[in-house]
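Okay, so here's the structure we're looking at.
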Amino acid sequence: MSKLLKKWGIVILIAFVVIGFFTIKTYGVVEQITSDMLQDPNSDKNKQDIARIVLNDTGRDTAFSPDEVVEIKVYQGDLLGNGQQQAVIAVSFGLKNTVLAVYTNDKNTENYTYIDDVGDFFDVRDVLFLPLSTPGTNIMIVREYANQNIGAYERSSFLKGYIWDDKNQMFQNVLSVPEGIEVTWNGSWDTSGEERWQKIEERSEFVFNENYENDPTLKFTQYQAYKISESTDKDNIPDESTFHTAKNRVINQTYYWSDDWSRFILSEKKDKATGEKVAVIEDFSASPYVLVEEYKNMENNVTIQRPNGTIEIVPSNTLWELDGTEAKSTFFVYE
């Protein structure tokens with residue numbers, strides 16, 4: 001009896017091996033991303049396999065299908081600061097749907113293991129890696145382009161920074177700065193009520209200071225303009241030649257990395273009400289929107305981060321400089 005069971009056990013084992021081999025051979029199911037796949041991510045087979053694995057790892061397999069993938073971009077760098085290569089994989093399902101996920105190369109193998117989901121983006125144009133003087137992690141800068149026609153006709157691009165939070169095992173956003181803005185709208189859509197076409201433009205030049213003895217800084221020069229069109233056709237966007245510049249200015253801003261705040265900040269201030277130190281991470285008075293009279297009141301606000309990690313938008317006049325004097329602007333402006 002025991003010999004018979006043993007014989008049937010061997011037969012069943014062989015059957016499972018054969019079925020498994022047949023399944024792989026027939027369907028080509030790959031369960032892990034490899035370096036060979038990342039060398040040619042947009043071949044028909046690799047694109048499908050990478051998309052399926054990323055969707056499964058990030059829990060988006062019910063939102064998208066591998067058949068819908070348009071393009072895959074791969075960026076390599078030492079994001080974790082551990083001397084190993086990480087692959088930042090951008091899986092695009094069109095201009096408004098890009099999934100960004102990070103994988104790390106396994107030691108002594110060609111396989112990549114999933115780390116975390118960075119998030120959903122419109123269109124990822126580039127990924128940069130910035131080293132920190134503190135060992136153990138680096139900064140990932142994502143250049144995102146967004147083409148939106150919701151209300152106003154808007155095209156914009158952003159620099160978004162992320163760092164690996166080893167304690168919470170997730171990526172934390174540490175920077176969000178517009179790199180370029182172009183918004184066109186008709187005044188009849190907003191509070192002005194004037195049926196004229198208006199446009200805001202911002203073009204930025206930025207320089208990363210990658211001094212390896214110090215933490216990086218990000219220096220921006222932002223060219224801003226508010227334009228008005230002479231066209232009286234409120235139903236169609238007028239030609240660029242019909243616009244004239246009503247206001248313009250040049251802004252200089254510097255974001256610097258702070259270990260104390262674990263993010264890029266513009267400055268440190270003191271909350272008048274609580275006396276606690278806060279970090280200014282966005283100054284609305286530097287926005288090109290303040291060139292438009294209807295939106296000028298937004299210049300009185302700043303975005304701050306508190307020591308407990310809470311992020312809030314507050315009036316700038318609720319803050320002191322650290323020495324107790326009135327809070328100053330975080331940027332230089334040239335009209």
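These numbers were taken from a predicted model, which means no experiment stands behind them.
Residues Tyr226 and Gln198 bring a donor and an acceptor atom of their side chains to less than 3.5 Å of each other. A donor atom on one side chain and an acceptor atom on the other are found under 3.5 Å apart for Ser43 and Asn46. For the residue pair Ser204/Glu179, the side-chain donor-acceptor check at 3.5 Å is not satisfied. Side-chain N/O atoms of Asp57 and Tyr103 include a donor and acceptor closer than 3.5 Å. In this model, a donor atom of one side chain and an acceptor atom of the other lie less than 3.5 Å apart for Gln253 and Gln222. Side-chain N/O atoms of Asn105 and Gln84 include no donor and acceptor closer than 3.5 Å. Asp283 and Thr330 form a side-chain donor-acceptor contact under 3.5 Å, judged by distance and modelled atom types alone. In the model, Asn252 has a side-chain atom that pairs as donor or acceptor with a side-chain atom of Thr221 under 3.5 Å. Ser316 and Asn300 form no side-chain donor-acceptor contact under 3.5 Å, judged by distance and modelled atom types alone. For the 3.5 Å distance criterion, the side chains of Ser92 and Glu71 fail to qualify, holding no donor opposite an acceptor.
A donor-acceptor pair is defined here as one N or O able to donate and one able to accept, closer than 3.5 Å; such a pair exists between the side chain of Ser258 and the backbone of Trp261. Between the Asn56 side chain and the Asp61 main chain, no donor and acceptor come within less than 3.5 Å of each other. In this structure, the side chain of Gln169 engages the main chain of Asp166 through a donor-acceptor pair within 3.5 Å. Distance alone, capped at 3.5 Å, is enough to place a donor-acceptor pair between the Ser157 side chain and the Gly180 backbone. One N or O on the side chain of Asn308 and one on the backbone of Thr310 form a donor-acceptor pair closer than 3.5 Å. In this structure a side-chain-to-backbone donor-acceptor pair under 3.5 Å is missing from Trp197 to Lys227. In this structure, the side chain of Asp239 does not engage the main chain of Thr242 through any donor-acceptor pair within 3.5 Å. With hydrogens and angles ignored, the 3.5 Å screen pairs no side-chain donor or acceptor of Lys73 with any backbone N or O of Pro41. Proximity of a side-chain donor or acceptor of Asp126 to a complementary backbone N or O of Arg143 within less than 3.5 Å is not detected. Looking only at distances, no side-chain donor or acceptor of Asp165 sits under 3.5 Å from a matching main-chain atom of Gln172.
Closest approach of Ser285 and Phe331 over heavy atoms only: OG-CE2, 3.1 Å. Taking every heavy atom of both residues into account, Met37 and Ile33 meet most closely at SD-CA, 3.9 Å. Between Leu80 and Gln86 the shortest heavy-atom distance is N-OE1, 3.1 Å. Minimum heavy-atom separation, Pro216 to Phe264: O-CE2, 3.6 Å. The two atoms that bring Gln76 and Phe129 nearest to each other are O-CE1, 3.4 Å, heavy atoms only. Closest approach of Tyr289 to Glu154, counting heavy atoms only: OH-OE1, 4.4 Å.
Checked for salt-bridge contact, Asp123 and Lys96 miss the test: no charged N lies under 4.0 Å from a carboxylate O. Taking 4.0 Å as the cut-off between side-chain N and carboxylate O, Lys270 and Glu321 do not count as a salt-bridged pair. Taking 4.0 Å as the cut-off between side-chain N and carboxylate O, Glu326 and Lys272 count as a salt-bridged pair. With salt bridges taken as basic N to acidic carboxylate O contacts below 4.0 Å, none links Glu205 and Lys219. Looking at Arg60 and Asp120, a side-chain N of the basic residue comes within less than 4.0 Å of a carboxylate O on the acidic one, giving a salt bridge.
Leu100 is not listed as a side-chain neighbour of Tyr75, based on a closest heavy-atom distance of 4.5 Å or more. The shortest distance between side-chain heavy atoms of Phe208 and Leu130 falls below 4.5 Å. Considering only heavy atoms from C-beta on, Phe121 comes within 4.5 Å of Val142 through its side chain. In this structure the side chain of Trp257 reaches within 4.5 angstrom of the side chain of Ile163, judged on heavy atoms. Side-chain atoms of Ile281 and Ile311, non-hydrogen and from C-beta on, do get closer than 4.5 Å to each other. Between Ile265 and Tyr255, the closest side-chain pair of non-hydrogen atoms is not below 4.5 Å. Between Ile228 and Arg196 the shortest side-chain heavy-atom distance falls below 4.5 Å. Looking only at side-chain heavy atoms (C-beta outward), Leu291 and Gln224 come within less than 4.5 Å of each other.
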Criterion side chain to side chain contact (heavy atoms under 4.5 Å, CB included) on Val74 and Ile72, from CA distance to verdict: CA-CA 7 Å; Val74 180; Ile72 293 177; 4.2 Å; yes

Intermediate values then yes/no, side chain to side chain contact (heavy atoms under 4.5 Å, CB included), Lys247 and Arg249: CA-CA 7 Å; Lys247 294 180 183 178; Arg249 64 178 183 173; over 6 Å; no

Verdict with reasoning, Glu182 to Glu202, per side chain to side chain contact (heavy atoms under 4.5 Å, CB included): CA-CA 7 Å; Glu182 183 180 320; Glu202 178 179 85; over 6 Å; no

Derivation and outcome, side chain to side chain contact (heavy atoms under 4.5 Å, CB included), residues Leu319 and Ile304: CA-CA 10 Å; Leu319 304 177; Ile304 63 169; 4.0 Å; yes

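The hydrophobic cluster containing Leu218 also contains Leu128, counting ILVMFWY residues as joined when their side-chain heavy atoms lie under 4.5 angstrom apart, directly or transitively. Under a hydrophobic-cluster definition in which Ile, Leu, Val, Met, Phe, Trp and Tyr are linked whenever side-chain heavy atoms come within less than 4.5 Å, directly or via other members, Met170 and Tyr114 are assigned to different clusters.
Note: Asn138 CG to Ile141 CD1 = 11.0 Å, rounded to the nearest 0.5 Å. Atom OG of Ser176 is separated from atom CD of Glu282 by 7.5 Å, given to the nearest 0.5 angstrom. Atom CG of Asp49 sits about 9.0 Å away from atom CD of Glu31, to the nearest 0.5 Å. In this structure, Phe158 CZ and Glu144 CD are separated by 7.0 Å, a value rounded to the nearest 0.5 Å. Taking CG of Asn186 as the start and OH of Tyr153 as the end, the distance is 9.5 Å to the nearest 0.5 Å. Expressed to the nearest 0.5 Å, how far CG of Asn147 lies from OG of Ser156 amounts to 8.5 Å.
Remark: Asp323 CG is packed, more than 12 non-hydrogen atoms of other residues, nucleotides or ligands lying under 6.0 Å away. Environment of CD in Glu68: crowded, with over 12 heavy atoms of neighbouring residues, nucleotides or ligands closer than 6.0 Å. Heavy-atom neighbours of Asp259 CG from other residues, nucleotides or ligands within 6.0 Å: above the threshold of 12.
The aromatic ring centroids of Phe64 and Phe93 lie less than 6.0 Å from each other.
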